[in-house]
Amino acid sequence: MESSRFGTFLRSRRMESFLSTSTDKSVVETPKVSVKDESEQRLRMNVFVDDDGWVPVIISWVRIVTCFVFMMVTTIIWALTMLVLIPWPYERIRQGNIYGHVTGRMLMWILGNPIKIEGTEHSNKRAIYISNHASPIDIFLIMWLTPTGTVGIAKKEIIWYPLFGQLYVLANHLRIDRSNPTAAIESMKQASRAVGKNNLSLIIFPEGTRSKNGRLLPFKKGFVHLALQSRLPIVPMVLTGTHLAWRKGSLHVRPAPLTVKYLPPINTENWTVSKIDDYVKMLHNLYAENLPKSQRPLP
């Protein structure tokens, strides 16, 4: 209980005076618009200068190196904690979440992108959290903003990611072998059993991989199978602007404004196996409606 409260405190936006990634000037009151047009209006307002000059590049490199050093320090500290907690696997999950709240938030503060978070009233529910994925920054945001008691599901290759991958495994999060459908299905069943037994939430990228250009990719069916097995509600997290801030194949982090929007939970208690494709299409369409035009899938 105490670790849950501590994790909520670390995720709280009330710590603005210490770790705010934006200034008062970046908060703009906007008129009410339809859900369909909201992301478009936000994109028009949140403009930034895309400068590839040597000064911004050097500043970006300094920030990335600082991020790496900070992440190395926190990873070593929490890795030692995880080793002590080897006999208690699900306590390691919660400690891994707290590591994410501390590290993810500090990394975003170091990078300096202005961030707007919407729908936070949906951010502390026990649920299956899903998110679109177009940038390494998505990982930092997910680490920071998912609630304590959330287990991640990622591709098995994540273990080779320096620092983060090794701690991911130590924290008892799950990996799936996408090249082996039978093993992947068994991993999903294992995740569902763990969630039910230990009152956990889940976080997963339904696209299954990172978008190269920021546009929404087709969704895999895994998150629907998890919902059918666990009967947990699904909370979509819509990330916008991250593909502009840190582009694929680049080490230049740009000051693009970012938005994280939690959508209302989707009840799955009455879902049936016969409509799996319909549920996948429904969630994909929901994301397309809430993303700016530049991130929607091409017709």
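The analysis underlying the following values was restricted to heavy atoms, covering all of them including side chains, and did not include hydrogens, waters or symmetry mates.
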Checklist entry - Is there a donor-acceptor pair closer than 3.5 Å between any side-chain N or O of Tyr168 and the backbone N or O of Ala154? => result yes
Checklist entry - Does any non-hydrogen side-chain atom of Leu286 lie less than 4.5 Å from one of Ile266? => result yes
Item to check | 4.5 Å side-chain heavy-atom contact, Leu167 and Gln95 | outcome: no
Checklist entry - Counting N and O atoms only, with roles assigned by atom type, does the side chain of Arg175 sit under 3.5 Å from a partner on the main chain of Lys156, one being a donor and the other an acceptor? => result yes
Item to check | Close side-chain approach of Val151 to Asn97, heavy-atom, < 4.5 Å | outcome: no
Checklist entry - Say you draw a straight line from CD1 of Ile203 to OG1 of Thr146; how long is it, rounded to the nearest 0.5 Å? => result 6.0 Å
Next on the checklist: Restricting to non-hydrogen atoms, name the atom on Ser131 and the atom on Pro206 that form the minimum distance, rounded to 0.1 Å.
Outcome noted: O-CD, 3.2 Å
Next on the checklist: Could you tell me if Ser211 and Asn213 have a donor-acceptor pair between their side chains, going purely by distance under 3.5 Å?
Outcome noted: yes
Checklist entry - Under 3.5 Å, side chain of Arg105 to main-chain N/O of Phe140, donor-acceptor pair present? => result no
Checklist entry - Between Asn124 (side chain) and Pro147 (backbone), is there a donor-acceptor pair under 3.5 Å? => result no
Next on the checklist: If you apply the rule side-chain contact (heavy atoms from CB on, under 4.5 Å), what do you find for Ile76 with Met72, and how did you get there?
Outcome noted: CA-CA 6 Å; Ile76 290 172; Met72 182 171 60; 4.1 Å; yes
Item to check | Minimum-distance pair of heavy atoms, taken over all atoms of Asn199 and Arg126 | outcome: C-NE, 3.2 Å
Checklist entry - Passes side-chain contact (heavy atoms from CB on, under 4.5 Å), Ile117 versus Trp144? Steps please. => result CA-CA 12 Å; Ile117 302 177; Trp144 168 22; 4.0 Å; yes
Checklist entry - Just by distance, do the side chain of Arg215 and the backbone of Lys293 share a donor-acceptor pair under 3.5 Å? => result yes
Next on the checklist: Could you check whether His122 and Tyr262 have their ring centres less than 6.0 Å apart?
Outcome noted: no
Next on the checklist: What's the separation between atom CD1 in Ile153 and atom CE in Met188, rounded to the nearest 0.5 Å?
Outcome noted: 5.0 Å
Item to check | Transitive ILVMFWY side-chain link Val169 to Val84, under 4.5 Å | outcome: no
Checklist entry - Side chain of Asn172, backbone of Ile93: donor and acceptor closer than 3.5 Å? => result no
Item to check | Nearest-0.5 Å distance, CH2 of residue Trp109 to CZ of residue Arg63 | outcome: 10.0 Å
Next on the checklist: Please confirm whether the ring centroid of Phe219 lies under 6.0 Å from the ring centroid of Tyr287.
Outcome noted: yes
Checklist outcome for this item: To the nearest 0.5 Å, atom CH2 of Trp271 lies from atom CZ of Arg231 at 9.5 Å
Checklist entry - Step by step, would you call Leu226 with Ile204 a side-chain contact (heavy atoms from CB on, under 4.5 Å)? => result CA-CA 10 Å; Leu226 287 168; Ile204 187 170; 4.2 Å; yes
Item to check | Smallest separation among heavy atoms of Gln295 and Thr240, with atom names | outcome: OE1-CA, 3.3 Å
Checklist entry - Around Glu269, counting heavy atoms of other residues, nucleotides and ligands shown, do more than 12 lie under 6.0 Å from its CD? => result no
Checklist entry - For the residue pair His101 and Thr148, what are the closest heavy atoms and their distance? => result CE1-OG1, 3.1 Å
Checklist entry - Taking side chain as C-beta onward, heavy atoms only, is Thr272 less than 4.5 Å from Lys275? => result yes
Checklist outcome for this item: Heavy-atom closest pair (His252 atom, Ser250 atom, distance to 0.1 Å) is N-OG, 3.0 Å
Checklist entry - Do the side chain of Glu207 and the main chain of Leu217 share a donor and acceptor less than 3.5 angstrom apart? => result yes
Item to check | Main-chain N/O of Ala256 paired with Asn113 side-chain donor or acceptor, under 3.5 Å | outcome: yes
Next on the checklist: For Ile142 and Phe205: C-alpha separation, side-chain torsions, deciding distance, then whether side-chain contact (heavy atoms from CB on, under 4.5 Å) applies.
Outcome noted: CA-CA 10 Å; Ile142 292 298; Phe205 293 121; 4.1 Å; yes
Next on the checklist: Let's go through Arg210 and Asp138 carefully: what are the C-alpha distance in whole Å and the side-chain angles of both, what is the deciding distance for salt bridge (Lys or Arg N to Asp or Glu O under 4.0 Å) to 0.1 Å, and is it a yes or a no?
Outcome noted: CA-CA 10 Å; Arg210 189 172 72 186; Asp138 302 336; over 6 Å; no
Checklist entry - Mind checking whether Val69 and Ile137 sit in one hydrophobic cluster, side chains of I, L, V, M, F, W, Y counted as touching below 4.5 Å? => result no
Checklist entry - Do Leu141 and Met108 have side chains that get closer than 4.5 Å, going by heavy atoms? => result yes
Checklist entry - Any side-chain heavy-atom pair from Ile128 and Ser230 closer than 4.5 angstrom? => result yes
Checklist entry - Is Trp88 linked to Leu80 within one hydrophobic cluster, defined over Ile, Leu, Val, Met, Phe, Trp and Tyr using a side-chain heavy-atom separation of less than 4.5 Å? => result no
Next on the checklist: For the CG atom of Leu263 and the CD1 atom of Ile130, what is their distance to the nearest 0.5 Å?
Outcome noted: 8.5 Å
Checklist entry - Is there a path from Phe70 to Tyr161 through hydrophobic residues (I, L, V, M, F, W, Y) whose side chains come within less than 4.5 Å of each other? => result yes
Checklist entry - Heavy-atom distance under 4.5 Å between the side chains of Lys116 and Val260, does that happen here? => result no
Next on the checklist: Testing the basics here: between Lys261 and Glu118, what is the closest heavy-atom pair and its distance to 0.1 Å?
Outcome noted: CD-OE1, 3.4 Å
Checklist entry - Is a side-chain N or O of Arg296 found less than 3.5 angstrom from the main chain of Leu216, in a donor-acceptor match? => result no
Next on the checklist: Rounded to the nearest 0.5 Å, what separates atom CZ in Arg92 from atom NE2 in His173?
Outcome noted: 10.5 Å
Checklist entry - Are Leu111 and Trp61 co-members of a hydrophobic cluster defined by side-chain heavy atoms under 4.5 Å apart? => result yes
Checklist entry - Does some side-chain heavy atom of Trp246 sit less than 4.5 Å from a side-chain heavy atom of Ile64? => result yes
Checklist entry - Under the 3.5 angstrom rule, does the side chain of Thr103 hit a backbone N or O of Tyr99 as a donor-acceptor pair? => result yes
